[in-house]
Amino acid sequence: MRKWLVGVVAAAVLGSAAGAFAQVYPVRPLTMVVPFAAGGPNDAIARALAQRMQVSLGQPIMIENVDGAAGSIGTGRLAQAAPDGYTLGIGYWGTHVANGALYTLPYDVQAGFAPISLLVESPLLIVAKAATQAQNLAALVDWLKAHPDQSTWGVPGSGSHVASVFFQRETGTRFRLLPYRGAGPAIADLAAGRIDMGLFNVGPVLPQVRAGAIKAYAVTARRRLPGAPDIPTVDEAGLPGLYSSVWFGFWAPARTPGEIIARLNAATVEALADEKVRARLAELAQEIFPRQQQTPQALAALQEAEIAKWWPIIKAAGIKGE
């Protein structure tokens with residue numbers, strides 16, 4: 001009986017201590033690692049959310065941009081941080097899925113991190129130069145099959161590269177892939193007719209589509225884009241299941257206590273519900289995940305499913321990080 005009472009008291013003390021810690025956390029500023037230079041989508045999304053999360057957490061959140069090696073340097077910085085809740089980071093499909101197959105990393109893209117929340121996603125657009133004769137995606141695929149290796153596709157980054165290889169595999173087509181450093185130069189060449197086609201993130205290419213300088217065939221998602229409802233989905237265009245999106249999430253270092261993860265998740269959810277934040281994310285052509293998917297469990301499940309889908313494609317194609 002005495003041992004049982006001691007155990008109950010000890011459990012109560014530990015439970016109250018954990019509860020008290022969760023109530024007072026955080027007591028000093030936090031650092032949010034962005035594994036890319038300022039100005040890109042990871043940075044813009046992180047800053048929009050961090051500004052609102054400061055209100056919920058009652059502490060400043062300092063943005064730390066750590067660029068290099070397709071985000072793996074900054075992501076490694078997060079993996080090595082103390083799991084005390086004072087360092088979190090934004091990552092995306094590239095840093096937490098593709099890089100695990102493209103690079104030899106000093107950390108595990110799954111086991112090295114504690115997921116906090118899914119944030120936003122942006123599908124890709126299948127686009128071509130304005131002079132392309134095919135009037136729909138089925139006609140475009142037919143032309144590509146009849147003219148193997150005769151078209152050039154711009155690939156500004158690993159996401160576009162892997163998605164283009166996926167397109168080839170699913171449609172039985174072949175075309176030449178031209179690597180670019182960044183979407184801007186690739187989109188400029190496509191608008192000028194110097195390359196033929198490509199798969200691009202919605203945000204950078206949509207203004208050129210709206211201006212008529214680039215032709216859009218389909219969005220690689222289950223739903224049409226709110227900002228471009230006239231563009232069909234791949235399902236509607238005749239290539240069902242050809243889904244590819246660039247999604248973003250928040251992570252903390254592995255072994256960060258669950259109470260802290262819950263606190264950070266709550267602040268993230270509040271930020272994603274804020275009208276000013278939602279307007280800013282819409283400007284960035286980002287779609288917010290539904291509330292029920294803004295959880296650590298949903299982020300972990302999506303990451304696992306995406307690794308199972310994309311790693312075999314990356315490895316079979318022999319794609320390597322630069």
Side-chain angles (χ1 to χ4, degrees), residues 41-42 44-45 91-98 117-128 134 136-141 144 153-171 173 183 186-187 190 197-210 214-249 272 278-295 298-299 301-311 313-314:
N42 281 267
I45 294 165
Y92 81 118
W93 176 89
T95 55
H96 284 72
V97 175
S117 178
L118 271 172
L119 304 174
V120 295
E121 67 174 337
S122 176
L124 305 180
L125 282 180
I126 302 170
V127 294
N136 54 56
L137 186 57
L140 179 68
V141 170
L144 289 169
W153 283 53
V155 286
S158 61
S160 180
H161 190 171
V162 175
S164 297
V165 170
F166 182 49
F167 182 97
Q168 287 179 317
R169 193 188 75 170
E170 295 299 299
T171 60
T173 57
I187 291 170
L190 185 62
M197 304 168 197
L199 275 155
F200 294 94
N201 290 345
V202 169
V205 77
L206 192 55
Q208 294 281 12
V209 171
R210 288 172 172 158
I214 290 173
K215 182 179 293 186
Y217 286 96
V219 56
T220 61
R222 293 174 175 82
R223 301 182 303 275
R224 293 196 179 200
L225 296 170
D230 55 318
I231 302 175
T233 68
V234 285
D235 292 342
E236 295 168 332
L239 291 180
L242 195 81
Y243 307 134
S244 180
S245 71
V246 178
W247 48 265
F248 298 80
L272 289 169
R278 295 177 75 89
R280 174 57 179 149
L281 294 174
E283 290 176 1
L284 297 170
Q286 298 294 332
E287 295 186 44
I288 298 171
F289 279 94
R291 171 63 187 89
Q292 63 269 25
Q293 290 182 267
Q294 297 168 18
T295 66
L299 175 54
L302 177 61
Q303 183 187 21
E304 183 174 2
E306 291 280 89
I307 286 173
K309 174 180 178 177
W310 294 110
W311 278 17
I313 294 172
I314 293 169

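- Across all non-hydrogen atoms, the minimal contact from V202 to A285 is CG1-CB, 4.2 Å.
- Nearest heavy-atom pair, N42 versus G91, reported as atom, atom and distance to 0.1 Å: OD1-C, 4.1 Å.
- No donor-acceptor pair under 3.5 Å is formed between the side chain of N201 and the backbone N or O of G203.
- Across all their heavy atoms, T220 and S244 have their closest contact at OG1-O, 2.5 Å.
- Counted within 6.0 Å of CZ on R222, heavy atoms from surrounding residues, nucleotides or ligands total 12 or fewer; the atom is thus considered open.
- Taking OG from S245 and CG from L302, the interatomic distance works out to 7.0 Å, rounded to the nearest 0.5 Å.
- Proximity of Y217 to M197: side-chain heavy atoms (C-beta onward) are nowhere separated by under 4.5 Å.
- A 4.5 Å side-chain heavy-atom check between T171 and L144 finds every atom pair outside the cut-off.
- Taking each heavy atom of A163 and L124 in turn, the nearest pair found is CB-CD1, 3.5 Å.
- At least one side-chain heavy atom of R169 sits less than 4.5 Å from a side-chain heavy atom of I313.
- Inter-residue side-chain proximity for L242 and I126 is flagged as met; some heavy-atom pair is nearer than 4.5 Å.
- The side-chain heavy atoms of E121 and W93, taken from C-beta on, include no pair separated by under 4.5 Å.
- Side-chain contact check for F248 versus P41: some heavy-atom pair is nearer than 4.5 Å.
- For an aromatic pair to be called close, the ring centres must be under 6.0 Å apart, and W247 with F289 fails this.
- Using modelled atom types, no side-chain atom of W153 and backbone atom of H161 make a donor-acceptor pair closer than 3.5 Å.
- Side chains of V141 and F167 form a contact here, defined as non-hydrogen atoms less than 4.5 Å apart.
- Between the side chain of Q208 and the backbone N or O of I187, no donor-acceptor pair lies under 3.5 Å.
- A 4.5 Å side-chain heavy-atom check between V97 and W311 finds at least one atom pair inside the cut-off.
- Here CG of L239 is found 9.0 Å from CG of L140. Values are rounded to the nearest 0.5 Å.
- Atoms CG and CD1, on L119 and I45 in that order, are 7.5 Å from each other to the nearest 0.5 Å.
- Across all their heavy atoms, A216 and V209 have their closest contact at CB-CG1, 3.7 Å.
- Listed by first and then second residue, the salt bridge (charged side-chain N to carboxylate O under 4.0 Å, His left out) pairs involving residues 233-249 are R224-E236 (not counting sequence neighbours).
- Heavy-atom minimum distance, E287 versus P226: OE2-CD, 3.9 Å.
- At distances below 3.5 Å, not a single donor-acceptor pair connects side-chain atoms of S160 with backbone N or O atoms of F200.
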### Message
Using the rule given for side chain to side chain contact (heavy atoms under 4.5 Å, CB included), can you reason through I214 versus L125, listing the C-alpha separation, both sets of side-chain angles and the distance that settles it, and then say yes or no?
### Response
CA-CA 11 Å; I214 290 173; L125 282 180; over 6 Å; no

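- In this structure, the separation between OG on S122 and CG on L281 is 11.5 Å, given to the nearest 0.5 Å.
- A distance of 11.0 Å separates CG in L118 from CD in Q292, rounded to the nearest 0.5 Å.
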